[in-house]
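Take a look at the structure below.
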Amino acid sequence: MIAMNLYLSFALAVTLLMLVPGPNVSLIVANSVTYGPKYGLLTVAGTSSAMVIQLALTALGLTATLGVLGVWFAWLRWLGVIYLIYLGIRHWRAPLTDPKLTQLKTKDRRAIFLRALLVSLTNPKTLLFYAVFFPQFVDVNQPFGAQIALLCVTFLSLAIMIDSIWALGAGRMRPLLTAHGRLRNRVSGGFLIGAAAALALSRNG
């Protein structure tokens, strides 16, 4: 099994990385502010589901295919950027409404989940990051597969926990933002546009 010092260093590094807002966090905060913490947590479910797929690809060694699929992933990223900008502008310019009268339908809940899944999946830099980041914490003298599996589970667990804190924290601010509807729209729209910027800048990593 992985050496304890390497494992603790990995957990600390992941925690610090997760505390820095990126595309996922921006979308989580935007949905928590707009619809409430329950929908922020639903967004966490979507981004985490995408993370499961990405971690599985990493564990199976499929990141080698990125060299062949690089152009395709780049197009996906830019589609995600455009989509987030569109959503951000819509939130920014949305008319003032009474949040107490706003009820999401089942299809809207599904849309929130799928949107979060899409945003997370359209950041191909994530796969490259996993492929480069994880080996730094692997003990070459121990079985490789078991260590990668442990790192993947740890990464996912920490991501879900910290992203949920982001969702609940943003949700607690919602009453204040609800009393100032235009500010609420600006905040949620700004976070969505920020998510688009984070995805766009990922091409320079």
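Heavy-atom basis, side chains included; hydrogens, waters and symmetry copies ignored.
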Restricting to non-hydrogen atoms, name the atom on Leu158 and the atom on Ala11 that form the minimum distance, rounded to 0.1 Å. CD1-O, 3.7 Å
Treating Ile, Leu, Val, Met, Phe, Trp and Tyr as nodes and any side-chain heavy-atom pair under 4.5 angstrom as an edge, say whether Phe113 and Tyr39 lie in one connected cluster. yes
Here the pair of heavy atoms bringing Thr47 nearest to Ser120 is O-OG, 3.5 Å
Measure from the side-chain N and O atoms of Ser32 to the backbone N and O of Ala167, and report whether any donor-acceptor pair falls under 3.5 Å. yes
State plainly whether one hydrophobic cluster holds both Leu41 and Ile162, where clusters connect Ile, Leu, Val, Met, Phe, Trp and Tyr through side-chain heavy atoms under 4.5 angstrom apart. no
Are Val153 and Val44 linked, directly or through other ILVMFWY residues, by side chains that come within less than 4.5 angstrom of each other? no
Would you say Leu156 and Phe10 are hydrophobically clustered, going by side-chain heavy atoms of ILVMFWY under 4.5 Å? yes
For Ser49, which residues count as a side chain to side chain donor-acceptor pair (under 3.5 Å) partner, sequence neighbours excluded? none
NZ of Lys38 to CZ of Arg109, rounded to nearest 0.5 Å, is 5.5 Å
With side-chain contact (heavy atoms from CB on, under 4.5 Å) as the test, would you mind laying out the steps for Met51 and Asn24 before giving the verdict? CA-CA 10 Å; Met51 203 174 295; Asn24 288 358; 4.2 Å; yes
Within this structure, what is the OG-CG distance for the pair Ser48 and Leu117, rounded to the nearest 0.5 Å? 10.5 Å
How close do Ala30 and Thr34 get, counting heavy atoms only, and between which atoms? O-OG1, 2.8 Å
To the closest 0.5 Å, what do you measure between CE (Met161) and CH2 (Trp166)? 13.5 Å
CZ on Phe155 to CD1 on Ile148, rounded to 0.5 Å: 12.0 Å
At what distance, to the nearest 0.5 angstrom, does OG1 of Thr154 lie from CG of Leu8? 10.0 Å
So, taking the atom named CG in Asn31 and the one named CG in Leu27, what distance separates them when rounded to the nearest 0.5 Å? 5.0 Å
Same apolar cluster: Leu42 and Leu168, side chain cutoff 4.5 Å: no
Any side-chain heavy-atom pair from Asp108 and Tyr35 closer than 4.5 angstrom? no
